[in-house]
Amino acid sequence: MKTDIEIAQEAKMEHIAKVAGQLGITEDELELYGKYKAKLSDELMDRVKDNPDGKLVLVTAINPTPAGEGKTTTSIGLAQAMGRLNQKAVLALREPSLGPCFGIKGGAAGGGYAQVVPMEDLNLHFTGDFHAITSANNLLAAMLDNHIQQGNALCIDPRQVVWKRCLDMNDRVLRNIVVGLGSKMDGMVREDHFVITVATEIMAVLCLAADMDDLKRRLGRMIVAYSFDGKPVTADDLQATGAMAALLKDALKPNLIQTLEHTPAIVHGGPFANIAHGCNSVRATRMAMKLADITITEAGFGADLGAEKFFDIKCRMAGLKPDAVVLVATVRALKYNGGVPKTELVPENLDALKKGIVNLEKHIENLQKYGVPVVVTLNSFVTDTEAELKFVEDFCVARGCDFALSRVWEKGGEGGIELAEKVLDVLEQKESHFKVLYEDSLPLKDKIETVAREIYGADGVTYSNAAARELKRITDLGMGDFPVCMAKTQYSLSDDQNKLGRPEHFTVNVREVYVNAGAGFVVAVTGAIMTMPGLPKKPAANNIDVDSNGVITGLF
């Protein structure tokens, strides 16, 4: 089997205008970035805004191994299979972050014969959206420190600066830094921090904004610091909103590329799911639903993170009502959740499978709480045995779940026909009764504890003193009706990555809380989760290279 990048580089791509034509998009409604990438214009959005919405299908997953379980691959393969069944389908995906590309997880363009292309462009600089977000974030940071240096008319307390600088790279040494060293002209000395770009509030704001006016409103109310008397200081107060919006003008427009089988893919935004809210942009999803009969989207990591936030944050804010959910599992991830080391996941091990499948069971139960029909798909690996595949299928059928085997990594759209047919049956025969997990009026602590108990299976939640104080301050500021965004490890239903399977008798510890007033949600940081990841001992970057002809190798 060829590597992902070899398959992608051998692909015969169609001109992006031809791909767009499948959705009725004219070349005048595209802003071209070469032959194979384009941004979708505001004029297109205006033209299609009154079209009826197509069906919305969310693809999510069980708790993964560190290598990931092919959720994006499954999404892409499902869309390709829909095309083979003559369905007018479109993908709505997130953009990859550079950090994981050079770290341990790799990119987010799918795999095998279920990929979006151009794969190298997508995984690296793409159309510059993340650079624009990084620049806007750091412009605000610079204007904040400049304001303090130039007299501090807003009486900003340097000890209560909450806005952090960012970089789209895993760089642990930037988590906690000191700025302003040098002479008096070099600024005030204070502690500062970096987060990865995909964890920034501006990324969340861009992904939740309906249009430019909404973007500016959200940017303007972002809290950057507190004054000496405890009042919040916003981007509007610093007169930074207009300049940030100017930097984000093009980044606000969704991007169009294609799959290996030329299915249209709208790829836009990329908040992390273990730190941020883990969904592509509202604008991209809405545009996809106006352009196609079936929109296939995904949310990051396991359903305890991505799906929960897709439902409770994105759908709540955007008024979206998903019609079906595809829950991706793999035999190896189930064995991993059954206690098998990641180096020993290939050999058949039915005992470990039986122990680990409780993780799948919990995710099925969780998704059913939202009232959306669930299809479980097993992303098949060539090392899976017939006994293992049958055990998983029987388990799902016994719990009243629709089930389909997926071989899209190996066979592309052809390998997703069974899954696509199952999804089409569900869309036709089963009605979605979507509802969010909790009401806006519920106090913030109760929202956090509802997610912890209902979705994670925790006995309860403990809070650091600082987190408890911040929850009170956020509520006193009038933002207690915001939804919560849980920052938690992706490897476990709990906040401890070592508790695999379906943990019981545990508590979730919230060590930090902060409000994203522009995005409109409250972030609760649990366990050892980091908003600036680090590189592993042997980062993927070690194996990435480019030859004299400009051909990149080593990306995956």
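Sequential numbering from 1 along the given sequence is applied to the chain's residues. On a predicted model such as this, the values are computed, not experimentally measured, just so you know.
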With distance as the sole test, does [X] use its side chain to make a donor-acceptor pair with the main-chain N or O of [Y] at under 3.5 Å?
X: Asn516; Y: Val523; answer: no
X: Asn152; Y: Ile148; answer: no
X: Arg286; Y: Val282; answer: no
X: Gln490; Y: Gly302; answer: no
X: Thr526; Y: Asp495; answer: no
X: Lys309; Y: Met486; answer: yes
X: Gln160; Y: Phe228; answer: no
X: Asn509; Y: Gly527; answer: no
X: Arg172; Y: Leu535; answer: yes
X: Ser492; Y: Gln497; answer: no

Locate the shortest heavy-atom distance separating [X] from [Y]; write the atom from each residue and the value.
X: Ala517; Y: Met479; answer: CB-SD, 3.8 Å
X: Ala540; Y: Phe556; answer: CB-CE2, 3.6 Å
X: Ala109; Y: Leu122; answer: CB-CD2, 4.0 Å
X: Pro536; Y: Ile104; answer: CG-CB, 4.1 Å
X: Asn123; Y: Gly107; answer: OD1-CA, 3.2 Å
X: Phe301; Y: Ala273; answer: CD1-CB, 3.8 Å

Nearest-0.5 Å distance that lies between atom [atom1] in [X] and atom [atom2] in [Y]:
X: Arg316; Y: Leu320; atom1: CZ; atom2: CG; result: 13.0 Å
X: Tyr336; Y: Asn359; atom1: OH; atom2: CG; result: 11.0 Å
X: Leu40; Y: Met45; atom1: CG; atom2: CE; result: 8.5 Å
X: Met203; Y: Ser281; atom1: CE; atom2: OG; result: 10.5 Å
X: Thr531; Y: Tyr514; atom1: OG1; atom2: OH; result: 6.0 Å
X: Lys435; Y: Lys321; atom1: NZ; atom2: NZ; result: 13.0 Å

Hey, are the side chains of [X] and [Y] touching, using non-hydrogen atoms and a 4.5 Å cut-off?
X: Leu367; Y: Thr60; result: yes
X: Asn63; Y: Leu493; result: yes
X: Asp229; Y: Cys155; result: no
X: Lys488; Y: Asn274; result: no
X: Val233; Y: Tyr226; result: no
X: Val328; Y: Val59; result: yes
X: Val162; Y: Met222; result: no
X: Val522; Y: Val513; result: yes

Practice task
Check whether more than 12 heavy atoms from other residues, nucleotides or ligands sit under 6.0 Å from atom CE of Met212, and answer yes or no.
Solution key: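 Yes - once you tally the heavy atoms of other residues, nucleotides and ligands closer than 6.0 Å, there are more than 12.
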Problem - Heavy atoms from other residues, nucleotides or ligands near NZ of Lys369 exceed 12 (cutoff 6.0 Å) - result: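 Yes, the 6.0 Å shell around NZ holds more than 12 heavy atoms from other groups.
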Looking at [Y] and [X], is there a salt bridge between them, counting it only when a charged N and a carboxylate O are closer than 4.0 Å?
X: Asp121; Y: Lys37; result: yes
X: Asp496; Y: Lys499; result: yes
X: Arg453; Y: Asp459; result: no
X: Lys362; Y: Asp304; result: no
X: Asp250; Y: Lys39; result: no
X: Lys447; Y: Asp481; result: no
X: Asp476; Y: Arg473; result: no

Practice task
Would you verify whether the NZ or CZ of Arg94 falls within 45 degrees of the ring axis of Phe272 while also being under 6.0 Å from that six-membered ring's centre?
Solution key: no
Problem - Lys445 to Tyr463, cation-pi by 6.0 Å centre distance and 45° axis angle - result: yes
Problem - Reference residue Arg165; test side chain to side chain donor-acceptor pair (under 3.5 Å); the match among Asn137, Asn138, Asp192 - result: Asp192
Practice task
Apply the test salt bridge (Lys or Arg N to Asp or Glu O under 4.0 Å) to residues Lys216 and Asp213: give CA-CA distance (whole Å), side-chain angles for both, the deciding distance (0.1 Å), then the verdict.
Solution key: CA-CA 5 Å; Lys216 291 172 73 173; Asp213 289 340; 5.8 Å; no
Could you check whether [Y] and [X], counting side-chain N and O atoms only, form a donor-acceptor pair closer than 3.5 Å?
X: Thr197; Y: Thr134; result: yes
X: Asn280; Y: Thr285; result: yes
X: Asp168; Y: His131; result: no
X: Thr241; Y: Asp236; result: yes
X: Asn255; Y: Asp129; result: yes

Practice task
Take Glu29 and Ser41 through the test side-chain hydrogen bond (donor to acceptor under 3.5 Å, both in side chains) and record every step on the way to the result.
Solution key: CA-CA 5 Å; Glu29 293 170 323; Ser41 68; 5.9 Å; no
Handout entry: Option passing side-chain contact (heavy atoms from CB on, under 4.5 Å) with Cys207 (candidates His277, Lys314, Arg283)
Key =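 Of the listed residues His277, Lys314, Arg283, the side-chain contact (heavy atoms from CB on, under 4.5 Å) partner of Cys207 is His277.
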Problem - Worked check of side chain to side chain contact (heavy atoms under 4.5 Å, CB included) between Ile455 and Leu437 - result: CA-CA 9 Å; Ile455 303 301; Leu437 188 66; 3.8 Å; yes
Problem - Derivation of the side chain to side chain contact (heavy atoms under 4.5 Å, CB included) call for Leu291 and Val90 - result: CA-CA 8 Å; Leu291 291 168; Val90 64; 5.6 Å; no
Practice task
Could you check whether the rings of Phe434 and Tyr370 sit parallel, tilted or perpendicular, using 30° and 60° as the cut-offs?
Solution key: parallel
Problem - Non-neighbouring partners of Gln149 that pass side chain to side chain donor-acceptor pair (under 3.5 Å), sequence neighbours left out - result: none
Practice task
Go through the steps to decide whether Leu140 and Met244 satisfy the test side chain to side chain contact (heavy atoms under 4.5 Å, CB included), and finish with yes or no.
Solution key: CA-CA 7 Å; Leu140 182 56; Met244 287 190 292; 3.8 Å; yes
Problem - Steps toward side chain to side chain contact (heavy atoms under 4.5 Å, CB included) verdict (Cys166, Thr200) - result: CA-CA 7 Å; Cys166 75; Thr200 62; 3.5 Å; yes
